[in-house]
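Step one of this worksheet: look at the structure below.
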Protein chains: 2
Amino acid sequence: MALRHAVLAALLDEERSGYQLAKAFDVGVANFWHALPQQLYAELTKLEREGLVAGREVVQESRPNKRVFRATESGLTELRDFTAAASKPSFIRDDLLVKVQAADHVDAEQLIEQLGDRATAAAAKIELFGALLRQMRGDADEEEFLRTGHRIGPYLTCLRGLAFERETLDWCRRIADVLRTRHPSGSTL
Amino acid sequence: MALRHAVLAALLDEERSGYQLAKAFDVGVANFWHALPQQLYAELTKLEREGLVAGREVVQESRPNKRVFRATESGLTELRDFTAAASKPSFIRDDLLVKVQAADHVDAEQLIEQLGDRATAAAAKIELFGALLRQMRGDADEEEFLRTGHRIGPYLTCLRGLAFERETLDWCRRIADVLRTRHPSGSTL
DNA sequence: CCAGAATAGTCAGATTCTTGACTAGGGAGA
DNA sequence: TCTCCCTAGTCAAGAATCTGACTATTCTGG
C-alpha cells in the first residue's frame with residue numbers, strides 16, 4: 001500500500017500530471033520509489049475517487065490536454081498517518097546480485113560485462129542526481145541549504161539515491177576487478 | 001522470473017531444505033534476494049517438477065523429517081542462460097524514503113524515531129554480515145581470499161549487503177541530525 | 001507442568017506489479 | 001513526405017508477491 005503514499009508525497013509541493021509522475025517514477029530517475037505509468041494512472045484514479053488528491057483539467061495548445069493533480073488536506077492526513085506507522089524493512093532484490101552469487105559457476109566474462117553495464121548506468125544516475133542536487137540547493141552550499149532551505153525532503157531522498165549509486169559503482173568496479181584477476185581470460189592486456 | 005534463479009543460486013553449493021532457504025531469504029538476513037517461505041516452497045515444487053532441482057527426503061529423529069534440494073545440471077544450465085541475459089535495472093522502493101520525501105510536511109519527531117529504528121536494524125545487519133564474511137574467508141585476509149578462495153560468489157554479494165547497510169546507517173544518522181537541527185523540539189539536550 | 005519458540009511445512013485469497021498492446025495529435029529530422 | 005519520437009493517456013491479462021491462517025512435533029525456560 002505504499003505506492004499511494006509515494007504518489008501523495010510527490011504531489012505535495014506541486015501539481016503534476018500522470019505523465020509527469022510516470023517520468024519521475026521511472027527506473028532511470030526515481031530516487032525514492034519506482035513505478036510504471038499504468039500503476040500511476042490507476043493509483044491516481046483511486047486517490048481522486050477517495051478524495052486524497054484533486055485533479056484539474058489543463059487545456060493545452062499544440063499538445064494533448066492533461067489532468068494535473070495535487071494532494072488534498074485529507075491526502076496529507078493520510079500521509080501523516082502513514083508516517084506515524086512503522087516502516088517495513090527494506091530489502092535487496094537484484095538480478096545482478098543473483099548472478100554474482102553464482103559467480104563460481106557461471107561465465108566470468110559475461111558477468112564482468114554485466115557489471116560494466118550496471119556501472120555505466122550507475123555513473124549516469126550519479127551525474128543526474130548530482131545535477132538535481134545542485135539545482136535544488138541553488139547558490140547555497142549543502143550544509144546551509146539543509147539548515148535553512150525551504151523544501152529539503154526531495155533533497156534528502158536524492159542524497160540517498162546518490163549514495164546508493166556511488167556504492168553500486170564502487171562495488172561493480174571492485175567485483176569486476178576481482179573476477180578479472182581470477183580469470184585473466186581475455187589476455188588482452 | 002528471478003526468484004527461481006535466486007533459489008537455484010542458493011542450491012548450487014549445498015543442499016538445503018525449504019525451511020533453511022526460508023531463513024536465508026528472510027528480510028533480516030538475505031544479502032542477494034528476499035522472499036517469503038510460501039514463495040520458496042512453491043518455487044521449489046515448480047523447480048523440482050521441471051527437473052532444475054532434485055529433492056531428497058531426510059529422515060530425522062527428534063524433529064520433523066525434511067526434504068533437501070540441490071540444483072541439477074539442467075538447473076545450472078538455466079542459471080547460466082539467465083546470467084547471459086541482460087540484468088533488469090535495480091531500483092529503490094522504500095517506505096522510509098517516501099516518508100523522508102514528505103519530510104517538510106510531516107511530524108519530524110516521528111521521522112527521527114523511524115530513522116533511529118532503521119539505523120538500529122542496519123547496525124544489526126552490519127554485525128551479521130561482518131561475522132559472515134569473517135567466517136567465509138577463514139584465516140585468510142580479504143585480498144588473499146578473493147584471489148585464491150574457493151567460493152567467492154556468496155562473499156561478493158555479502159560485501160554488497162554490508163556496503164548497503166553501512167550506507168543506510170550513515171544516511172539515517174545524517175538525516176536525523178539534519179532534522180534535529182531544524183526542529184530542536186525535544187529541547188532535551 | 002505449561003507456554004512458547006523452533007523445526008518443517010501447506011493452503012487459499014488478495015493485492016501489487018509487469019507485459020504488451022492500443023489511441024491520438026504534433027513536431028523534428030532524413 | 002515519411003517516419004519516428006514526444007506528449008498524454010487507457011485497457012486487459014498474467015505473473016509475482018504478500019497476508020493470514022493452519023498442521024505437527026520437539027525442545028526450552030519459568
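Scope of the values below: all heavy atoms of this structure, side chains included, with no hydrogens, waters or symmetry mates.
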So salt bridge (Lys or Arg N to Asp or Glu O under 4.0 Å) across residues 152-161 of chain A, not counting sequence neighbours, yields none
To the nearest 0.5 Å, atom OG1 of A:Thr83 lies from atom CD of B:Glu113 at 12.5 Å
Here the salt bridge (Lys or Arg N to Asp or Glu O under 4.0 Å) pairs for residues 171-180 of chain A, sequence neighbours left out, are A:Arg174-B:Glu142, A:Arg174-B:Glu143, A:Asp177-A:Arg180
Contacts satisfying ring-ring contact (aromatic ring centres under 6.0 Å, His included) that involve residues 93-139 of chain A (not counting sequence neighbours) are none
- So A:Phe32 and B:Phe91, ring pair (Phe, Tyr, Trp, His ring centres under 6.0 Å) or not? Walk me through it. CA-CA 9 Å; A:Phe32 73 104; B:Phe91 51 80; over 10 Å; no
Here the side-chain hydrogen bond (donor to acceptor under 3.5 Å, both in side chains) pairs for residues 23-48 of chain A, sequence neighbours left out, are A:Glu48-A:Arg67
Taking five pairs at each terminus, the helix from C:dC1-D:dG30 to C:dA30-D:dT1 shows an axis bend, to 10°, of 40°
For A:Leu12 and B:Ala102 the tightest heavy-atom approach is CD1-CB, 3.7 Å
*B:Leu146 and B:Leu156: CA distance, side-chain angles, deciding distance, side chain to side chain contact (heavy atoms under 4.5 Å, CB included) verdict*: CA-CA 9 Å; B:Leu146 289 177; B:Leu156 297 174; 3.8 Å; yes
What residues 2-23 of chain A contributes to the DNA chain D interface at heavy-atom separation below 4.0 Å is A:Ser17, A:Gly18, A:Tyr19, A:Lys23
What one should report as the nearest heavy-atom pair of A:Gln101 and B:Ala9 is CG-CB, 4.0 Å
Separation between CG (B:Leu132) and CG (B:Leu159), nearest 0.5 Å, reads 11.0 Å
DNA chain D: first to last nucleotide in contact with chain B (atom under 4.0 angstrom from a heavy atom), 5' to 3', is D:dA16 to D:dC27
Residues joined to A:Val58 in its hydrophobic cluster, side chain to side chain under 4.5 Å directly or through other members, sorted by chain and number, are A:Val68
What residues 41-55 of chain B contributes to the DNA chain C interface at heavy-atom separation below 4.0 Å is B:Tyr41
Quick note, ring-ring contact (aromatic ring centres under 6.0 Å, His included) partners involving residues 51-87 of chain A, not counting sequence neighbours, are A:His5-A:Phe82
So salt bridge (Lys or Arg N to Asp or Glu O under 4.0 Å) across residues 84-99 of chain B, not counting sequence neighbours, yields B:Asp94-B:Arg118
Taken to the nearest whole Å, CG/B:Asp26 to P/C:dA6 is 12 Å
CD (B:Gln20) and CG (B:Leu11) are apart, to the nearest 0.5 Å, by 9.5 Å
Protein-nucleic acid N or O pairs under 3.5 Å, nucleotides 19-22 of chain C:
from, atom 1, to, atom 2, distance (Å)
C:dT19, O4, A:Gln38, NE2, 3.3
C:dG20, O6, A:Gln38, NE2, 2.7

Residue pair A:Pro64/B:Pro37 against DNA chain C: nearer the 5' end by closest nucleotide is B:Pro37
One should read off an interatomic distance between A:His150 NE2 and A:Asp13 CG, to the nearest 0.5 angstrom, of 7.5 Å
Whole-Å distance, B:Arg63 CZ to C:dA5 C1', equals 12 Å
